[in-house]
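Proteins get letters first, then strands, A, B, ... in listed order; numbering begins at 1 in each.
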Amino acid sequence: MKTIVENDSNLSKYLFEDDKVVDMQAGQINVGDPASLDFIIGDLNSENSTLYENVTNAPADWTGNKYTFDGATWTQDSNWVDPE
Amino acid sequence: MSNLSDLLPAGASGKKATFTASGTISTGNTVILNTDGTVSVVAAVAESSGTTTTFQSGTNNEWVSATYLGSNNKLLIAYRNGSNNDYGTAVIGTVSGTSISFGTPTVFYSAAIDNQTSCAYAPTSDRVCVTFKAITWGRSALLSISGTTLTLENDNDFYGANAGETSVCYHAANDRFVVAVRGAANSNYGYLYASTSNGSASLSWGGASNFNAGGSYALKVAYDPVEEVVVVFYRDNGNSNYGTARAATLSGTSFSYGTEAVFNSAATQSAGFLAASFDSDTNQFVVAFRNDGASNYPYAITCKATGTALSFGSSVQVAAHASTNYGAVYDTVNKKAVVVVEDASDRPTAFVCTVSGTSISVSSGFVITTATTGSGINGHMTAVYDESQSKVVVPQVNTSDSKRGVATVYQPPSSNALPAPKFVGIAQEDIANAASGEVVLVGGISENATSEVTTTNSTVYLQADGSLSTTVASIEAGLAFGDTTVTGYYLEGTVYDNVQYSHGNETNPAGLAFKSDGTKFYILGTTQDTVYQYSLSTAWDMSTASYDSVSFSVLAQATTVTGLCFSTDGTKFYVTDNGTNAVYQYTLSTAWDLSTASYASKSMSTQGTSPGDGFMHPSGTKFYTVDFSADVVQEYNLTTAFDISTGSYSQQFSVSSQETVPIAISFNSDGTEMYVAGQSQDTVFQYDLSTAYDISTASYASVSYDLSAQGINSPHGIAWKSDGTKMYIICNSTDKIYQYTTQVITTSKLLLNG
């Protein structure tokens, strides 16, 4: 797996399969086959976030912004509230 | 100067040119210039919709909003992407005809958003501001556009506490965005914020400005470019949840407010939903809203700002079912507002709203797509107008397909002459397909405009279907001037005069004829095989009729009479008889005086065995009957004028597609229109004859008038006032004559100004 983590908060924002192409650029992040992108992440980029690859211990109940990740350890964010 | 003709430009009469026709063009048709240089008849474009197209696959998308991107000729859809952690996402769509394609979705906020998105475009900076409720607070994202690619310039809080729904618009005069937000952390009060700049890369917001010290739900903010004010519409929880609006001027980032104005005094505790669009032709808003005081049905109302003072028209029901999701746009090409709400099956449905003054009339709905929006959940649909394509785009989540994000393009009712300029003039002659012919151009004078022009020296508009009238429409075709010719005989617009005459002498009347000056009329009856004479103290006014106590029996010749007509000078009349399948001629020694009648010992056998009514050509050289078994009109040639014994069958024309028991027949004064009525349809049908009185050139005009409203179920005769402005029907079953006023067509010269 690979995850994109916001540098300031360490929040794991995205979690992808290993074969997903993630292109970290200075202004944005492109996700998917460059010839036919899945989507673009406009509010994250190589300056404010980090891509961790070969992640093997992602929580089974991962969802965006629920966990922080420091490159090794996953921790549920104290501010997280399960959606109703 | 007393006439517009005094102002005619020099050389106007000579402004003609030769074009190749694409399709058949008739003299007097309004025409457009096609992109290949050919011309075609102006025709209506029916409303339609294209294929529903996915902009976001996956599931559980929500909170859809959209805005048009100005000179980019594209549109942006913002939404919550349910298949990507509920992140705020946007995508650019490009419309072509009734198709739409999309670029790559771009996440503008990598966290869940939790309420309605809203977006607005600033042409000065070519950027879009999207507002939304972030995890808790009110937030904005500023996106720049390059083709179908979006780039996030910055994102920013404008309300740093728990927020509710947001709405944003662009204030053109001050070149700023304005956002309205329900302050959930502040007792749900309503607040406005203005951006500190026009949308540069570092968009930020001024201070909060409270527009309503009460719960302000379902809010929408919109900009009035004429008054240069913003108007916020909302459900005022502090005032019984009434639909309320308030206008504000903007100076820097500060607002000054007018008085709150209630537009819907309906108390409810349920959520209310609305949409607003600015009608740039009447300079007022058209607001669509859910009227919780009327079964949650959708309503629409006009809202006019004068400075910060607001006034409203009368609200009108848009549809008779509850609706939750609302879209409202103004179609600048067709000059109509379009309200989109769900129908009873939750399918997005378009209602075209025509604004006249402060009143709104609403079309019947057009279901845009079968993709459903769900029941009772808002944020699932919106509408945006694509100015470059003159189309309405309806983005939604499809609850029939796991809330996939989809959009459908809707073509409102329009004309192939729109958007202008396409109208080039009026055909001067008939032009066959691919042939060349002359067209009077804009700036020239047409004397062949065949459509309705009711007042000379009046402005005439090109209607969507190519007709011309004084009804205001998108294209001003020209000025009618000069001598006018009033022409009757038009069934369209016919109105029953509420005048009927019970003649009392005959229980099976079979024929009706008038003296040429309208002071007498004659009834033929089957029971007695007799003709009766009546007078009208006011010509052509059936309410003034009285029996002359004069009659004439034709029983010596006929046994089952079916038709009656007179020669032009009133010295002869003719009786058609189904019993003997013949037409008999009678002489009046004193014109129009039935007491002087005698049989002329002249007759003609009819071609068929079921002759109905008869009609004599004004010159006396042709005679016509209908045959109610063969369902045809039959034409006879008379070698000696008005001498029926010299008649011989010539040709026939079938009317079976309209009437299978034709009984009555008549023509207009110049023989270019024919009218048939019968027992099957109880309707008068109109036929065009391209060659006067030649039924081989007849074709159904697709114009008819239904007589059933008067209880007529067996019309046996049609007669006309000499100028065609009155029509009279004699009914065999009710034994009455019914009087109608027909549409008056006034033709005049037309100075085309396109």
Which residues in residues 57-78 of chain A have any heavy atom closer than 4.5 Å to a heavy atom of chain B?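 Against chain B, the residues of residues 57-78 of chain A that fall inside the cut-off (heavy atoms, under 4.5 Å) are A/W62, A/T63, A/G64, A/N65.
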Please round to the nearest 0.5 Å and tell me the distance separating atom [atom1] of [X] and atom [atom2] of [Y].
{"X": "B/N85", "Y": "A/L15", "atom1": "CG", "atom2": "CG", "value": "9.0 Å"}
{"X": "B/L152", "Y": "A/L44", "atom1": "CG", "atom2": "CG", "value": "9.0 Å"}
{"X": "A/I41", "Y": "B/T89", "atom1": "CD1", "atom2": "OG1", "value": "9.5 Å"}

Within a 6.0 Å radius of atom CD on A/E53, are there more than 12 heavy atoms belonging to other residues, nucleotides or ligands?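 Atom CD in A/E53 is crowded, with more than 12 foreign heavy atoms closer than 6.0 Å.
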List for me each residue that meets ring-ring contact (aromatic ring centres under 6.0 Å, His included) alongside B/Y87, sequence neighbours excluded, and say none if there are none.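 By the ring-ring contact (aromatic ring centres under 6.0 Å, His included) rule, B/Y87 matches A/Y14.
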Hey, which residues of residues 102-118 of chain B are touching chain A, say heavy atoms under 4.5 Å apart?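 Under the 4.5 Å heavy-atom cut-off, B/T104, B/P105, B/T106, B/V107, B/F108, B/Y109, B/S110, B/A111, B/A112 qualify.
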Considering only distance and modelled atom types, tabulate donor-acceptor pairs under 3.5 Å from the side chains of residues 29-39 of chain A, sequence neighbours left out.
from	atom 1	to	atom 2	distance (Å)
A/N30	OD1	A/Q28	NE2	2.8
A/D33	OD1	A/A35	N	2.9
A/D38	OD2	A/K20	NZ	2.4

